[in-house]
Amino acid sequence: MNAGDGPLSYVQNSSYQRGAIDVAKPIIEQEIATKLDIKQIYSNNPNGICTIADFGCSTGHNSFPVMQFITQAINRKLEYSSPKIPEFHVYFSDVVTNDFNTLFSSLPPDRLYRATAVPGDFHGRLLPEYSLHFGYSAWSLQWLTEIPKAVTDRDSPAWNKGEILYRGDKKEVCEAYLEQYSRDIESFLKSRAVEMVGGGLMAFLVPGVPEFWNPEIEYTIPSYLNLLGSCLMDMAKQLLLVHVSRSCFIEMLFQGRLSKAKVDSFNLPFYYPAPQQLKAILERSHSFTIERMEILNNPGKYTLPSANARAAFFRACLERLLTNYFGSEIIDELFDLYRKKLSASPVFLNPDNDKSIEILIVLKRKTD
Ligand SMILES: C[S@@+](CC[C@H](N)C(=O)[O-])C[C@H]1O[C@@H](n2cnc3c(N)ncnc32)[C@H](O)[C@@H]1O
């Protein structure tokens, strides 16, 4: 995610993700009130310690309101049932390159908790055994640990030539992505199973796609990413034309910057499941039960009113990844072209055509 809080930052360009929080809030509060097992909070310490973690917190501005209402909801539950209000600890977790400085310099002063940074990959162990009472993760589990190998293998039927993400019409590519996603969610759950106390809860907000939608007249988050892929391809083709008609020197200069082969070999490490796909993966877990699953019909869809806002949103999320692969020189041109393509597309400009969904899942750690 783009660091800091400037005009291109994630802080300033992530109101889309925030759209779901108001809808998710009463559901999560209700689950805490009715299902969180609070005995564990006092089991190791008579004064009580309650631990909450956000996995994939980024710069924190979307996380803070959630951590606030989760601590308040647990507090309310304890007020009626326990003599002592526990000490709340919130672990803000993200990859080691995350901008934790921006997060820690903007912590809300009226928070009810002590805050700790936990840098690391959430597919592995991050927290002490048997210590976590409530886990949360929003808009982060779509991130794969690696690109499925078959997708970059020229000899495989799943080779994803000319695209940067799966498309519905390439079955083998979709399957390779789904397999990787399943493996990653399983690793995530395996680690959380060790860290969570029995009876603890976990809430996920997972960006996804409906079971059925029509890619001719509708779109979802993967469609936006495929459109970005077409911009990369256009840029590579443009550069090859220059290569045919200009001098050899220009050819080498431009080809080094963005070649078609380079675009062919690039794939995005994201997967956006349909609800049944996610449910099937979660049901395989021996450690958690699914307590609640709600489909939120794109609560953020009116938060990106213009092509500019949409391009800025994707740039804030993808710039680092693209820069690491293609270099920073192409980024302005790429997102300028992307903005133009979005503006020229009546399908993408009408928010009612956006069929993206968010899946809200609440899991409970089984008691061993
Ligand atoms: C789109 S942001 C979501 C941020 C925030 N949760 C929100 O709702 O706005 C996804 C975050 O997940 C983090 N992330 C992705 N893969 C991760 C991993 N394997 N381990 C830890 N964090 C990861 C990214 O670094 C990024 O900050």
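Remember, predicted model here, so these are calculated numbers, not experimental data. Reckoned from all heavy atoms, side chains included, excluding hydrogens, waters and symmetry mates. One-based numbering, in listed order, for ligands and for the atoms of each. Along the sequence shown, the residues carry numbers beginning at 1.
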Separation of Y271 OH from Y181 OH (nearest 0.5 Å)
8.5 Å
For ligand 1, output the ligand-protein N/O contacts shorter than 3.5 angstrom; if there are none, return none.
residue, atom, partner, partner atom, Å
ligand 1, 6 (N), G56, O, 2.7
ligand 1, 6 (N), A138, O, 2.9
ligand 1, 9 (O), Y10, OH, 2.6
ligand 1, 9 (O), N62, ND2, 2.8
ligand 1, 12 (O), S140, OG, 3.1
ligand 1, 19 (N), D121, OD1, 2.8
ligand 1, 19 (N), H123, ND1, 3.4
ligand 1, 20 (N), F122, N, 2.9
ligand 1, 25 (O), D94, OD1, 2.6
ligand 1, 27 (O), D94, OD1, 3.4
ligand 1, 27 (O), D94, OD2, 2.7

In terms of relative ring orientation, are F348 and Y224 parallel, tilted or perpendicular, with 30° and 60° separating the classes?
tilted
Any chance you could pull the hydrophobic cluster mates of V197, using side-chain heavy atoms under 4.5 angstrom and chaining through other members?
Y130
Those residues that, when tested against W139, pass ring-ring contact (aromatic ring centres under 6.0 Å, His included) (two or more places apart):
Y16
ring-ring contact (aromatic ring centres under 6.0 Å, His included) partners for W143, two or more places apart
F270
Qualifying residue for side-chain contact (heavy atoms from CB on, under 4.5 Å) with I147, from N160, L268, N267
N267
